[in-house]
Amino acid sequence: MERHSLHGWDLTPTQAVALQRELKERVVLRPPKGLKVERVAGADISMSRGEDWASGGFVVLDAETRAPVARASAVTRLGFPYVPGLLSFRELPVLMEAWARLEVRPDLIIFDGQGTAHPRRLGLACHGGLLFGVPSIGCAKSLLVGEHGPLGEERGAVADILHQGEVVGRAVRTRRGVLPVYVSPGHLMDLPTAVEWVLRMTSRYREPETTRHAHRLVNEVRREALAARASSRE
DNA sequence: GCGACAG
DNA sequence: ATCTTGTCGC
């Protein structure tokens with residue numbers, strides 16, 4: 001392993017699983033003492049059906065006003081297939097490129113996927129938090145593992161997600177009458193703080209504003225890349 | 001072996 | 001994730 005990178009990315013799924021078991025030991029499930037969050041970033045990727053490239057990006061919002069203050073994106077080839085439980089190996093390489101171009105460092109990153117609510121407790125948000133060295137949260141639209149009981153219909157209602165006897169995350173109703181999102185800590189984070197920030201960054205829609213901004217950014221970038229590719233082939 | 005399975 | 005029209009509900 002090199003000094004400035006967490007690990008290599010040319011891995012087989014079997015090697016990736018072994019690496020996850022090592023990396024989970026480095027995850028810190030506690031926010032840094034006196035954590036001050038002034039800027040929150042959303043991360044996401046977008047890809048075309050049946051093609052092997054994708055766009056990835058970050059949008060940084062002011063935590064107080066939720067106004068975007070910075071953004072960065074990249075387009076690369078996907079070097080890893082979609083395998084449930086190994087999503088980070090597919091998504092993080094593009095995000096690393098975008099991260100290198102991001103000129104404003106966020107104090108917190110919200111990923112579109114699981115944190116500890118993962119079969120080996122190393123979901124996308126944990127892996128990404130370790131890689132970028134920033135507190136992180138996983139906020140997914142559906143469950144990968146675990147189950148939870150019913151939760152109230154009102155905004156702010158929660159239910160613990162249990163997996164193998166452990167509380168690995170929380171189902172959180174971010175808006176009255178809509179399906180919950182699934183929140184779990186990534187790195188340098190705990191569950192209550194993660195839920196607090198997801199609710200803080202959510203208002204009118206089911207998903208946090210960070211995620212929504214990042215989603216729009218990477219979709220735009222992907223369409224631009226598609227158009228550029230089409231015109232260069234003529 | 002069967003079913004589940006983030007994006 | 002992406003591909004897509006209509007349709008249900010506030």
Side-chain angles (χ1 to χ4, degrees), chain A residues 9 13 16-17 20 23-24 27 42-58 73-96 98 109-129 131 136-148 153-155 161-164 168-172 174-187 189 191 194 198 203-208 210-212 214-227 229-230:
Chain A
W9 294 91
V17 168
Q20 287 182 323
L23 293 177
K24 71 166 258 190
V27 172
D44 196 16
I45 77 159
S46 172
M47 52 206 183
S48 291
R49 184 178 61 173
E51 297 209 49
D52 65 341
W53 56 272
S55 60
F58 293 88
S73 62
V75 174
T76 68
R77 301 185 66 109
L78 291 166
F80 200 91
Y82 171 69
V83 180
L86 299 180
L87 182 65
S88 61
F89 294 92
R90 182 170 173 80
E91 300 207 349
L92 288 177
V94 204
L95 289 175
M96 288 173 71
I109 304 173
I110 300 179
F111 287 89
D112 190 9
Q114 316 292 346
T116 54
H118 176 278
R120 289 167 295 280
R121 309 290 180 262
L122 199 88
L124 173 64
C126 303
H127 198 166
L131 189 60
S136 60
I137 293 168
C139 180
K141 296 180 292 299
S142 64
L143 276 179
L144 173 59
V145 294
E147 58 275 326
H148 66 82
E153 284 300 313
E154 74 283 7
R155 167 176 161 86
I161 299 167
L162 277 104
H163 181 238
Q164 298 176 342
V168 295
R170 277 194 186 125
V172 179
T174 54
R175 198 192 157 187
R176 182 172 198 88
V178 301
L179 293 171
V181 293
Y182 303 96
V183 179
S184 54
H187 179 48
M189 183 54 52
L191 185 51
V198 166
S203 56
R204 187 161 184 242
Y205 301 93
R206 181 188 178 210
E207 297 195 81
T210 41
T211 303
R212 291 167 44 76
H215 201 268
R216 277 180 306 216
L217 168 64
V218 297
N219 269 308
E220 282 172 20
V221 169
R222 179 174 58 84
R223 287 181 187 116
E224 286 164 8
L226 181 65
R229 157 181 287 213

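Quick caveat, the model's predicted, so the values are computed rather than measured.
Rounded to whole Å, atom P of B:dA6 lies 21 Å from atom CD1 of A:Ile110. Spacing between atom NE2 of A:His127 and atom P of B:dA6 amounts to 19 Å, rounded to whole angstrom units. Atom P of nucleotide C:dC10 and atom CZ of A:Arg176 are separated by 13 Å, given to the nearest angstrom. Nucleotide B:dA6 holds its C1' atom 12 Å from the CZ atom of A:Arg90, rounded to whole Å. Going from atom CD of A:Gln164 over to atom P of B:dA4 covers 18 Å, rounded to whole Å. Rounded to whole Å, the distance from CE on A:Met47 to P on C:dC3 is 10 Å. Whole-Å rounding puts the A:Phe89 CZ to B:dG7 P distance at 18 Å. Rounded to whole Å, the distance from CG on A:Asp112 to C1' on B:dA6 is 8 Å.
Checked against A:Ser46 for a side-chain hydrogen bond (donor to acceptor under 3.5 Å, both in side chains), the options A:Arg222, A:Glu220, A:His215 give a single hit: A:Arg222.
Neither OP1 nor OP2 of B:dC5 sits under 4.0 Å from any side-chain N or O of A:Ser142.
Looking only at distances, a side-chain donor or acceptor of A:Arg155 sits under 3.5 Å from a matching main-chain atom of A:Thr174.
In the model, A:Arg121 has a side-chain atom that pairs as donor or acceptor with a side-chain atom of A:His163 under 3.5 Å.
Judged by centroid separation below 5.5 Å and plane tilt below 30°, A:Tyr82 stacks onto the base of B:dG7.
Atom NE2 of residue A:His127 and atom CZ of residue A:Phe89 lie 5.0 Å apart, to the nearest 0.5 angstrom.
Among the heavy atoms of the strands lying under 4.0 Å from A:Leu86 is at least one base atom, whether or not backbone atoms are also near. At a threshold of 4.0 angstrom between heavy atoms, the contacts of A:Ile45 with the nucleic acid are absent. A:Gly85 comes within 4.0 angstrom of a base, heavy atoms only.
Nearest to the side-chain atoms of A:Lys141 among the listed nucleotides C:dC3, B:dA6, C:dA1 stands C:dA1. Distance from the side chain of A:Asn219 is smallest to C:dT2 among B:dG7, B:dA6, C:dT2.
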- line: Per-residue pairing states of DNA chain B in dot-bracket (Watson-Crick or G-U under 3.5 Å; . unpaired, | other strand) read .......
task: Determine, stepwise, if the pair A:Glu207 / A:Cys139 fulfils side-chain contact (heavy atoms from CB on, under 4.5 Å).
output: CA-CA 8 Å; A:Glu207 297 195 81; A:Cys139 180; 5.8 Å; no
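Under a cutoff of 6.0 Å and an axis angle of 45°, A:Arg170 and A:Tyr182 do not form a cation-pi pair.
Counting only heavy atoms from C-beta outward, the side chains of A:His118 and A:Gln20 approach each other to under 4.5 Å.
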